[in-house]
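Take a look at the structure set out below.
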Amino acid sequence: MITNSILLQKRSNIYFSSDKDTKAETPKTNDSAIQHLSDSIKIKTIAQDDPSRIDKGEFNNFVRFLETIYPQMHNTLSKEQVSDYSLLYKWEGQNKSLKPVLIVGHSDVVPVSPGTEEDWTHGPFSGDVDENYVWGRGALDEKSLVIANCEAIESLSQSGFRPERTIYFAIGHDEETGGKNGAAKIAEILKQRGIEFECAIDEGMPIINDKAQPKGNRVLPGSVEKEVALIGIAQKGLLNLTISSRREPGHSSKPSPDSAINDVAEALTKIKDNPFPIRTTEPVKKMGKKLSDLMKPPYSAIFANMGMAGPLMPMAAKKSSGLNAQLRTTTAPTIFNSGNKANVIPGNAEANLNVRILPGDSIDEVKKYLNKVVNNPAVKIEPAEGINREPSGISPTDSPGYRSIVSSYKEVYPEAKPVPSLMIGTSDSYHYQSRGLIQNGTYWVYPWKATKEDLQRIHGTNERISKDDFLKMIDFYKNFITNASAN
Ligand SMILES: [Zn+2]
């Protein structure tokens, strides 16, 4: 398309020209950092379920873009390319006896949902910058995180900083489709080398900014007026199950109640009516204790002692799907397929059930529980092909990694209260921690301020980040790298 080729050409003049006169300047000002984020969004590193369909040129451009924009980083750190587009940077520490720190990021972004292109006030790959925001796919998830870390590393290395601990920075290129060719391959390589990390920091929980938001538009219950910097200390597992039934097909004029559609519909209804029991895990208990001080009754009392709140917990969970997800293994039917003619009872029906597993539960236990609930030999419940992940262990809150995150928050967002919590989504750090490479804690954070409305922009329409938050994100990672590498 015309616009695209003009964009590309413009970009290639700025960054990819071999002519030395047009070489990009090293980042010195806030403006240049914001420009770099904007330019990174213009590179369409769009995830594809079929890896052979990714736009290799765009992913290649992203690799070259980083090389061009961050010369000092590329002079100071070693770089390996894995599966062509995933990157593993290593910043050698001065003290080889200390275990290294791993920063996890990804360069791919989800596609724009077909049919919603026109709803974007700025083109999804425009990287438009206005008075307050940088706009486009990846502004939140997560070109901003990758670029903020690069800015932090570039600036620290320019100032002559050398870490005590070795810092690894891994940028996967297929996180949004499971990380099989990116993070999983990098993790395999590191495992073969016998690398063990002190801790890892990955994308995750933002700073919840409910302040001054109207009641129906808040993320947290209990009228919290203070900003809350959530720090994920554990991550839920992920399982897709195929729920299916096969029966004799027949004519709809003389129906039998035993039909494949009825079987699967009934199974899904039973699963909805018999949710997994509420269980208060360690991260949620810790979150409750810290949040309770900031809440109004009755939530202050419920959150202060979440394990003991009895019947109040299911009531509170019913009111908030976010809280519900923190308290139990959840199930959501996401695909339902059956039938192709209005007067034929089909011989098979199939649904996909997306399950998010609470730490402490397991894929096996989930299957057992659901089979018991459905209790129908005609219905098969089997793991679907694709990404199935056990939940993580629970990371400590008295570790150097956790302390580094807290002190970085205190430094950069002094008004926000750091609070441990449970990460309900999945991300690339799974590949490192599930292989036992992380010794003393994986932490999931996203150091930007989010309202409920902002959270809907992730993977949604009109994704954007405030310039101020992005600049603070750079400061956050500068602090984190300095703190974590010294501890
Ligand atoms: Zn992401």
Side-chain angles (χ1 to χ4, degrees), residues 47 49 106 110 172 174-184 187 202-205 232-245 263-284 317 321-337 349-377 379-395 421-436 442 444 459:
D49 284 328
H106 66 85
V110 291
D174 62 347
E175 188 275 342
E176 298 291 359
T177 49
K180 214 168 66 187
N181 293 314
D202 190 9
E203 62 174 325
M205 319 290 285
I233 61 168
Q235 186 170 46
K236 284 180 107 173
L238 166 64
L239 172 66
N240 280 296
L241 290 169
T242 304
I243 300 190
S244 63
S245 169
D263 283 343
V264 176
E266 229 172 68
L268 293 176
T269 307
K270 282 182 183 166
I271 292 169
K272 176 172 79 73
D273 292 343
N274 295 280
F276 281 82
I278 281 185
R279 186 160 54 77
T280 324
T281 55
E282 205 52 43
V284 175
S321 58
L323 181 61
N324 186 53
Q326 295 269 332
L327 291 171
R328 56 163 50 111
T329 293
T330 58
T331 59
T334 50
I335 302 171
F336 200 125
N337 281 323
E350 200 175 279
N352 185 78
L353 189 73
N354 187 272
V355 186
R356 303 301 174 121
I357 311 170
L358 206 60
D361 286 350
S362 68
I363 290 176
D364 266 354
E365 281 162 351
V366 165
K367 284 192 288 186
K368 257 186 229 154
Y369 176 84
L370 292 176
N371 271 306
K372 211 172 106 193
V373 165
V374 170
N375 191 24
N376 179 353
V379 174
K380 271 199 186 139
I381 302 178
E382 295 158 313
E385 257 182 54
I387 316 162
N388 292 321
R389 298 174 173 180
E390 297 284 3
S392 77
I394 294 165
S395 302
S421 73
L422 172 65
M423 164 83 168
I424 56 176
T426 60
S427 58
D428 260 354
S429 53
Y430 165 82
H431 296 290
Y432 304 96
Q433 50 98 0
S434 65
R435 285 173 174 82
T442 303
W444 292 268
H459 290 204

Roughly how far apart are Lys236 NZ and Asp361 CG, rounded to 0.5 Å?
9.0 Å
Once you round to the nearest 0.5 Å, how far does CG of Leu358 lie from OG1 of Thr330?
9.0 Å
Using 0.5 Å steps for rounding, measure from the OG1 atom of Thr281 to the CD atom of Gln326.
7.5 Å
Closest heavy-atom contact between Ile233 and Pro283?
CG1-CB, 3.6 Å
Within the structure provided, determine whether Leu238 and Val355 are in side-chain contact (heavy-atom separation under 4.5 Å).
no
Chi angles and distances behind the side-chain contact (heavy atoms from CB on, under 4.5 Å) call for Leu241, Lys367:
CA-CA 9 Å; Leu241 290 169; Lys367 284 192 288 186; 4.2 Å; yes
Rounded to the nearest 0.5 Å, what separates atom CG in Asn371 from atom CD1 in Ile243?
9.0 Å
Quick check on Lys380: does its NZ atom have over 12 non-hydrogen neighbours (other residues, nucleotides or ligands) under 6.0 Å away?
no
Looking only at heavy atoms, which two atoms of Asn388 and Pro383 are closest? And how far apart?
ND2-CB, 4.0 Å
Using modelled atom types and a 3.5 Å cut-off, is there a donor and acceptor pairing between side-chain atoms of Asp174 and backbone atoms of Asn181?
yes
Taking side-chain hydrogen bond (donor to acceptor under 3.5 Å, both in side chains) as the test, write out the residues that go with Thr442, two or more places apart.
none
Nearest atoms (heavy-atom pairs only) where Ala234 meets Ile394
CB-CG1, 3.9 Å
Just wondering, do Trp444 and Ser392 contact through their side chains at under 4.5 Å, heavy atoms?
yes
How long is the straight-line distance from OG1 of Thr426 back to CD of Glu203, given to the nearest 0.5 Å?
8.5 Å
How far apart are the closest heavy atoms of Val373 and Lys270, and which atoms are they?
O-CD, 3.4 Å
Does Ser429 reach the side chain of Gln235, with side-chain heavy atoms less than 4.5 Å apart?
yes
With side chains defined as the heavy atoms from C-beta onward, is the minimum distance between Phe336 and Leu268 less than 4.5 Å?
yes
Test side-chain contact (heavy atoms from CB on, under 4.5 Å) applied to Glu390 and Ser362, step by step:
CA-CA 6 Å; Glu390 297 284 3; Ser362 68; 3.6 Å; yes
Measuring only between side-chain heavy atoms, which start at C-beta, is Val284 closer than 4.5 Å to Ser421?
no
Short side-chain donor-acceptor distance under 3.5 Å, Thr177 and Asp49
no
Heavy-atom neighbours of Glu382 CD exceed 12 at 6.0 Å:
yes
Closest non-hydrogen atom pair between Thr334 and Asn354, with its separation:
CG2-CB, 3.9 Å
Tell me yes or no: between the side chains of Ser427 and Asp202, is some donor less than 3.5 Å from an acceptor?
yes
Pair Arg279, Arg328 - check side-chain contact (heavy atoms from CB on, under 4.5 Å), show working.
CA-CA 6 Å; Arg279 186 160 54 77; Arg328 56 163 50 111; over 6 Å; no
Got a donor-acceptor contact below 3.5 angstrom from the His431 side chain to the Gly178 backbone?
yes
Determine whether Thr329 and Arg356 make a side-chain contact, defined as any pair of heavy atoms from C-beta on separated by less than 4.5 Å.
no
State, with a plain yes or no, whether a side-chain heavy atom of His106 is found less than 4.5 Å away from one of Glu176.
yes
Is the closest side-chain heavy-atom distance between Asn240 and Ile387 below 4.5 Å?
no
With rounding to the nearest 0.5 Å, note down the distance linking CG in Leu239 to OG1 in Thr331.
11.0 Å
Would you confirm whether Tyr369, through its side chain, and Pro275, through its main-chain N or O, come within 3.5 Å as a donor-acceptor pair?
yes
Where do Ala267 and Val379 come nearest, in terms of heavy atoms and distance?
CB-CG1, 4.2 Å
